[in-house]
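Whatever order the structure lists them in is the order used to number ligands and atoms, beginning at 1. None of these values were measured; they are calculated from a predicted model.
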Amino acid sequence: MDSEKPDVLIVGAGFAGMYAVHRFRELGLSIKVLEAGSDVGGTWFWNRYPGARCDVPSLEYSFGFSAELEQEWHWPEVFSAQPEILNYANHIADKFDLRRDIQFNTRVSRVEYLDEENLWSLTSEAGEVFKAKFCIMATGCLSVPNKPDIPGDEDFAGLKLHTGLWPKESIDLAGKRVGIIGTGSSAVQAIPELAKAAGHLTVFQRTPVYTVPANRKAMRDAVESEFKENYRLIRERQWNNRGGVSNFRPNRSVPSKSKRGMGGGRRGDAGLIKSISPEQRQAMIDQRGLEVILNFTDVYTDPGANEIANDLFRSTVREMIDDAEVAEKLLPQDYGLGCKRQVLDRDYYSTFNRDNVTLVDLKQTPIERITPNGLTTEDTEYDLDVLIYATGFDAMTGALLKLNITGRDGRQLTDKWEFGPVAYLGLQMEGFPNLFTVTGPGSPSVLCNMLVAIEQHVNWIGDCIKYLDGKGLNSIEPLPESEQRWVQQVNKVADGTMFTAPSCNSWYLGANIEGKPRIFMPYVGGFPQYRVHCEAETDEGYPGFSVV
Ligand code: N01
């Protein structure tokens with residue numbers, strides 16, 4: 001079957017694919033989106049686990065392309081929960097009539113460039129074939145769930161779930177024995193909710209997490225109004241902030257500065273942790289809460305400052321947990337703050353004071369196998385009715401590599417990326433003409449407010465396609481030397497940060513997936529700096545690209 005031929009094929013109907021439909025329509029292009037899920041929303045469609053929530057304030061984690069949308073949408077909480085964000089996605093789809101260009105329940109399994117026709121051919125799992133000159137991968141950065149290969153998994157007789165593929169139907173956990181593997185962001189959000197709902201919750205932890213309490217405020221009318229009155233200024237500040245957030249504070253003329261990118265929690269610059277006395281540090285924590293330690297700038301660059309912050313974190317958390325042995329297990333020891341994406345929680349540590357919660361330290365007693373009745377570690381058998389994998393994602397490259405992408409002259413993306421992702425500006429790959437990635441590796445992506453990063457990328461891609469069309473050009477792809485120079489630049493700016501410390505094993509580095517090359521994948525140099533490179537290409541007629 002050879003379906004109709006639009007100008008652009010887009011894979012994915014999360015926020016990136018959705019905005020691309022709207023933007024490309026404005027540019028007069030015809031579009032077809034192929035989406036595996038049954039509706040829009042991407043990450044917010046799939047991650048429905050209890051407690052799922054965004055760690056960027058919702059007034060900031062929202063689109064800026066439509067003033068009407070900004071004004072009419074109401075966020076009930078400062079940091080919205082998943083159902084509200086999914087409502088927002090649905091509202092956008094309705095308002096801009098996006099669904100008419102989206103084919104749902106269509107998982108793409110092969111992507112191939114047809115040299116002679118200068119077309120991309122996409123094949124769905126059902127065998128449908130779609131062709132277009134341009135192909136946009138709006139496949140998300142955290143969209144391929146990582147499910148570790150634990151022996152016996154298929155034997156489990158109870159209900160198995162993954163936080164990243166949570167079912168739509170509500171699940172009754174009352175009286176159930178629930179086990180959860182993993183203690184990353186997803187688990188930290190889910191654990192307090194699961195503990196309230198389940199009969200008993202057993203948490204299987206391999207690596208303890210640094211998490212700080214999240215802001216849990218309801219939206220105040222005055223705050224919302226002031227944001228809405230200042231949205232143009234806020235959007236401008238977002239585009240000039242390294243993490244894509246404005247840090248706009250109602251009733252303050254000067255916003256607090258954020259020196260780092262995203263990571264939740266950071267509310268501005270508290271100076272250097274090394275420059276104040278232990279008593280002053282403690283006083284700050286007492287007054288402003290544990291999250292204040294995230295705001296010292298030297299914590300992310302100076303190992304000595306980092307260790308001070310880690311110690312303060314540990315001593316504060318010890319106080320929150322009744323059982324000293326449990327407390328010690330929950331404290332990270334072998335890596336520092338700033339290595340992984342900062343986690344925010346609501347009642348995470350106090351959950352371990354509940355009678356119906358057990359913590360199992362897998363470093364002491366690793367999992368041996370999953371059995372029909374539950375899970376066995378080296379010394380204990382745990383009977384479970386429900387087993388939840390909160391084991392993360394094959395981040396940033398997983399979704400692209402899974403698509404079996406073949407480029408010019410039969411080149412495979414899996415070969416090109418054998419030793420890590422190689423791309424120019426996280427937008428395009430040499431050898432793959434007219435194929436674009438939204439928030440791909442080598443762009444700020446996950447270190448930036450995603451919605452801001454998406455708007456910038458989609459706008460850039462739209463402008464590029466219009467440029468080619470306007471000049472009657474056939475194709476665009478990066479020059480090999482631009483790509484290599486950019487990869488070196490991405491590595492250079494990450495070197496020396498806590499992100500790439502030898503003790504750090506994060507998904508940013510691909511370290512959570514066995515066999516994945518250890519490369520820091522996002523661009524850490526900041527969103528404004530990154531935009532300079534993108535805009536230079538557009539303004540100067542794409543000198544870093546081969547345009548045919
Ligand atoms: O995944 P993770 P996540 N045996 O990779 C453990 C975004 N997000 O879904 O560290 C036992 O962080 C693993 O242990 P270890 C956010 O960007 C955002 O929680 O590998 N355990 C770890 O504890 C976030 O960073 C929000 O030793 C195993 C856990 O599973 C990203 O998604 C909310 C294991 C995985 O943690 C990913 O978060 C949620 C095994 N074989 C997510 N394999 C917000 O906006 C893995 N683990 C707030």
Side-chain angles (χ1 to χ4, degrees), residues 42-44 46-58 60-61 79-82 85 140-151 153 161-166 179-191 193 202-216 243 261-265 330 332-335 339-346 348 359-370 375 377 387-396 398 439 445-451 499 503-514 516 521-522:
T43 210
W44 302 105
W46 298 106
N47 286 263
R48 296 165 189 260
Y49 59 86
R53 185 176 285 280
C54 186
D55 60 1
V56 182
S58 297
E60 302 245 18
Y61 187 88
F79 290 85
S80 289
Q82 174 271 336
I85 305 172
C141 296
L142 294 157
S143 50
V144 175
N146 167 43
K147 191 154 170 292
D149 208 2
I150 301 175
D153 169 81
L161 298 163
H162 192 294
T163 47
L165 288 174
W166 201 266
I180 183 165
I181 302 176
T183 48
S185 297
S186 304
V188 165
Q189 290 185 332
I191 284 167
E193 299 306 316
T202 307
V203 178
F204 298 96
Q205 169 194 274
R206 191 164 66 181
T207 308
V209 62
Y210 287 99
T211 168
V212 299
N215 176 328
R216 50 171 79 199
M262 299 310 302
L330 284 168
Q333 300 289 353
D334 49 10
Y335 71 101
C339 140
K340 301 192 185 199
R341 165 98 180 181
Q342 185 56 50
V343 180
L344 302 184
D345 70 84
R346 297 178 172 219
Y348 180 64
L359 177 68
V360 178
D361 182 349
L362 298 179
K363 287 248 163 84
Q364 280 176 9
T365 53
I367 296 176
E368 259 184 359
R369 65 178 298 112
I370 292 169
L375 187 156
T377 63
L387 178 60
I388 300 170
Y389 285 88
T391 44
F393 302 89
D394 184 354
M396 301 202 70
T439 63
S445 61
V446 289
L447 300 177
C448 187
N449 180 349
M450 264 298 175
L451 270 68
F499 286 125
S503 59
C504 184
N505 286 312
S506 67
W507 58 257
Y508 293 134
L509 287 161
N512 64 327
I513 303 292
E514 218 181 300
K516 192 164 171 172
M521 294 182 283

Taking all non-hydrogen atoms of both residues into account, name the closest pair between [X] and [Y] and its distance.
X: Ala190; Y: Tyr49; value: CB-CD1, 3.9 Å
X: Ser503; Y: Tyr335; value: O-CB, 3.6 Å
X: Arg48; Y: Trp166; value: O-CD1, 3.4 Å
X: Arg53; Y: Ser80; value: CG-O, 3.2 Å
X: Thr202; Y: Val360; value: CG2-CG2, 3.6 Å
X: Thr439; Y: Ser445; value: O-CB, 3.4 Å

Heavy-atom distance to atom 35 (C) of ligand 1: which of Ser506, Ala390, Gly182 wins? Ala390

Between Phe204 and ligand 1, which residue portion shows a heavy-atom distance shorter than 4.0 Å: side chain, backbone, both, or neither?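 Within the 4.0 Å criterion, Phe204 makes no contact with ligand 1.
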
Using a 4.0 Å cutoff against the non-hydrogen atoms of [X], which atoms of ligand 1 qualify?
X: Thr183; value: 22 (C), 23 (O), 29 (C)
X: Leu142; value: 7 (C), 17 (O), 31 (C), 32 (O)
X: Lys340; value: 10 (O)
X: Cys54; value: 45 (O)
X: Gly392; value: 1 (O), 3 (P), 5 (O), 9 (O), 35 (C)
X: Leu362; value: 11 (C)
X: Arg341; value: 17 (O), 25 (O)

Protein heavy atoms near atom 13 (C) of ligand 1, is at least one of them under 4.0 angstrom away?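 False for atom 13 (C) of ligand 1.
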
Of all the non-hydrogen atoms in the protein, which one sits nearest to [atom], and at what distance?
atom: atom 36 (O) of ligand 1; result: Gly184 CA, 3.5 Å
atom: atom 41 (N) of ligand 1; result: Pro148 CB, 3.2 Å
atom: atom 17 (O) of ligand 1; result: Trp507 CZ2, 3.3 Å
atom: atom 8 (N) of ligand 1; result: Ser185 CB, 4.0 Å
atom: atom 15 (P) of ligand 1; result: Thr207 OG1, 3.3 Å
atom: atom 44 (C) of ligand 1; result: Arg53 O, 3.2 Å
atom: atom 9 (O) of ligand 1; result: Ser186 OG, 2.6 Å
atom: atom 47 (N) of ligand 1; result: Thr391 CG2, 3.7 Å

Report yes if [X] has an N/O atom closer than 3.5 Å to an N/O atom of ligand 1; otherwise report no.
X: Asn512; value: no
X: Gln189; value: no
X: Ile367; value: no
X: Arg206; value: yes
X: Thr163; value: no
X: Tyr49; value: no
X: Trp44; value: no

Does [X] reach the side chain of [Y], with side-chain heavy atoms less than 4.5 Å apart?
X: Tyr210; Y: Val343; value: no
X: Gln333; Y: Lys363; value: no
X: Trp507; Y: Asn146; value: no
X: Thr43; Y: Phe393; value: no
X: Pro522; Y: Tyr508; value: yes

Against ligand 1, does Leu344 come closer than 4.0 Å with any heavy atom? no

Heavy atom of Gln205, distance to ligand 1 below 4.0 Å: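 Checking ligand 1 against Gln205, which is what was asked, there is no heavy-atom contact under 4.0 Å.
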
Is the backbone of Glu60 close enough, under 3.5 Å, to the side chain of Asn449 for a donor and an acceptor to pair up by distance? yes

Please check this pair: side chain of Thr183 against backbone of Thr207, looking for a donor-acceptor N/O pair closer than 3.5 Å. yes

Output, in order, the C-alpha distance, side-chain angles, deciding distance and verdict of side chain to side chain contact (heavy atoms under 4.5 Å, CB included) for Gln205 and Leu330. CA-CA 9 Å; Gln205 169 194 274; Leu330 284 168; 3.5 Å; yes

Kindly assign one of parallel, tilted or perpendicular to the pair His162 and Tyr389, based on the angle between their ring planes and the thresholds 30° and 60°. parallel

What residues, two or more places apart in sequence or in another chain, satisfy disulfide (SG to SG under 2.5 Å) together with Cys141?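 By the disulfide (SG to SG under 2.5 Å) rule, Cys141 matches no residue at all.
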
